[in-house]
Amino acid sequence: MDAGKGWAQDLMLVFDSGTLEGSITEWPAVLHDGTLEIDGEANENIIPIPLDRKGNIQLTLEPNSDDPIVVRGDGVRLNLDGVAKYVEEFPGSTTA
């Protein structure tokens, strides 16, 4: 991965015709991993920005204390909220 800067920003994922499986029963919850699949293409622990896609969508989130949460739909879009905040410098990585 290339060197760069890390930023954080609040967002909302909006699903078209969404269904939900699972729930978080213990708060606060920490998400260990997540995968957003768009027409079978997996994005692990990352969400592409901008995002406004139609197709076969599946978001799988893995909280610290519960079974995975799965959201499915036939479209997804991302709405950013507020201002991005600087988090860190990333020196780059030699692994692919």
Side-chain angles (χ1 to χ4, degrees):
M1 296 175 77
D2 294 336
K5 295 179 181 183
W7 296 81
Q9 186 168 5
D10 291 338
L11 63 87
M12 181 180 297
L13 288 174
V14 180
F15 292 83
D16 297 331
S17 303
T19 62
L20 174 67
E21 297 172 15
S23 64
I24 295 175
T25 59
E26 195 173 306
W27 294 94
V30 175
L31 298 176
H32 290 283
D33 286 301
T35 303
L36 176 64
E37 292 182 45
I38 303 171
D39 287 332
E41 179 183 326
N43 298 281
E44 294 185 25
N45 296 320
I46 194 165
I47 297 173
I49 299 174
L51 177 63
D52 189 356
R53 298 278 303 272
K54 299 288 183 195
N56 185 19
I57 310 297
Q58 179 173 303
L59 174 67
T60 304
L61 301 173
E62 297 182 25
N64 58 337
S65 61
D66 292 300
D67 291 332
I69 297 165
V70 179
V71 182
R72 291 185 179 88
D74 56 19
V76 64
R77 70 183 171 280
L78 179 142
N79 296 333
L80 295 173
D81 185 34
V83 177
K85 296 176 182 84
Y86 174 78
V87 176
E88 66 184 351
E89 249 348 273
F90 180 69
S93 172
T94 57
T95 60

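Values below: all heavy atoms of this structure, side chains included; hydrogens, waters and symmetry mates excluded.
Among residue pairs with one or both ends in residues 41-82, none qualify as ring pair (Phe, Tyr, Trp, His ring centres under 6.0 Å); sequence neighbours excluded. A ring pair (Phe, Tyr, Trp, His ring centres under 6.0 Å) check over residues 30-73, counting only residues at least two apart or in different chains, returns nothing. Note on residues 50-62: pairs passing side-chain hydrogen bond (donor to acceptor under 3.5 Å, both in side chains), not counting sequence neighbours, are Asp16-Lys54, Gln58-Thr60, Gln58-Arg72. Evaluation of the salt bridge (Lys or Arg N to Asp or Glu O under 4.0 Å) test over residues 28-43, restricted to residues two or more places apart or in two chains, returns none. For the ring pair (Phe, Tyr, Trp, His ring centres under 6.0 Å) condition, no pair includes a residue of residues 44-72, sequence neighbours left out. Within the structure, ring pair (Phe, Tyr, Trp, His ring centres under 6.0 Å) contacts touching residues 44-81 (residues at least two apart or in different chains) do not occur.
Listed by chain and number, the hydrophobic cluster partners of Ile46 come to none, as no ILVMFWY side chain reaches under 4.5 Å of it. The other residues sharing a hydrophobic cluster with Ile49 are Leu11, Leu13, Phe15, Leu20, Ile24, Trp27, Leu31, Leu36, Ile38, Ile47, Leu51, Ile57, Leu59, Leu61, Ile69, Val71, Val76, Leu78, Leu80, where clustering joins ILVMFWY side chains under 4.5 Å apart. Grouping Ile, Leu, Val, Met, Phe, Trp and Tyr by side-chain contacts under 4.5 Å, direct or through others, puts Trp7 with Tyr86.
In this structure, Asp81 contributes its side chain and Asp10 its backbone to no donor-acceptor pair below 3.5 Å.
For the residue pair Ala42 and Thr35, the shortest heavy atom distance occurs at CB-CG2, 3.9 Å. For the pair Pro63 and Pro68, the tightest heavy-atom approach, listed with the atom from each and the gap, is CD-CA, 4.2 Å. Between Pro91 and Ala3, the closest heavy-atom pair is O-CB, 3.4 Å.
Separation of atoms NZ (Lys85) and CD (Gln9) is listed at 8.0 Å; rounding is to 0.5 Å.
With a 6.0 Å radius and a threshold of 12 heavy atoms from other residues, nucleotides or ligands, Glu89 has its CD atom above the threshold.
Take Thr25 and apply the side-chain hydrogen bond (donor to acceptor under 3.5 Å, both in side chains) test, not counting sequence neighbours, and it matches Asp66.
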